[in-house]
Amino acid sequence: GHVVDWMEKYRIGNLSPEDAKKARDFEFGDMFETDPERDPNLLGCTEKPWCGEPRIDLLTKDYYTPNELFYVRNHLAVPDIDPED
């Protein structure tokens with residue numbers, strides 16, 4: 001209770017019934033739906049955002065790590081950039 005009382009002095013307005021219904025019914029989209037396909041040899045640590053690393057046998061196969069097997073760490077979705085820009 002005491003927090004609600006304290007916050008009341010900072011209230012700047014109320015939602016109309018229509019806006020309150022819109023807020024209740026709002027659904028966020030999936031910001032990761034346009035992420036690129038990953039190489040199946042990458043071991044995913046997390047799905048959204050996607051982070052993954054190569055299998056150790058592929059990593060030690062050669063001195064150079066191929067680009068498609070390079071460690072991937074994302075904090076947000078991969079930006080959708082038009083190559084023409």
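All residue numbers refer to positions in the sequence shown, counting from 1. Worth knowing before you read on, the calculation uses all heavy atoms, side chains too, and leaves out hydrogens, waters and symmetry mates.
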Measuring from [X]:[atom1] to [Y]:[atom2], what's the distance to the nearest 0.5 Å?
X	Y	atom1	atom2	result
E47	R38	CD	CZ	9.5 Å
I81	D85	CD1	CG	8.5 Å
K21	L15	NZ	CG	14.0 Å
N14	D19	CG	CG	11.5 Å
L69	L59	CG	CG	8.5 Å

Sequence neighbours excluded, which residues qualify as side chain to side chain donor-acceptor pair (under 3.5 Å) partners of D57?
R55
Worked check of salt bridge (Lys or Arg N to Asp or Glu O under 4.0 Å) between E8 and R11:
CA-CA 5 Å; E8 183 61 32; R11 181 192 299 256; 2.9 Å; yes
Could you tell me whether a side-chain N or O of D39 sits under 3.5 Å from a main-chain N or O of N41, the two making a donor and an acceptor?
yes
Between K48 and D35, does any NZ, NE, NH1 or NH2 come within less than 4.0 Å of an OD or OE carboxylate oxygen?
no
Does CG in N67 sit with more than 12 non-hydrogen atoms of other residues, nucleotides or ligands closer than 6.0 Å?
no
Hey, are the side chains of P54 and L42 touching, using non-hydrogen atoms and a 4.5 Å cut-off?
yes
Can you find a heavy atom in the side chain of T34 that is under 4.5 Å from one in the side chain of V78?
no
In short, ring pair (Phe, Tyr, Trp, His ring centres under 6.0 Å) pairs touching residues 63-85 with sequence neighbours left out are none
Is there any ring pair (Phe, Tyr, Trp, His ring centres under 6.0 Å) pair reaching into residues 19-55, and which pairs are they, with sequence neighbours excluded?
F26-F28
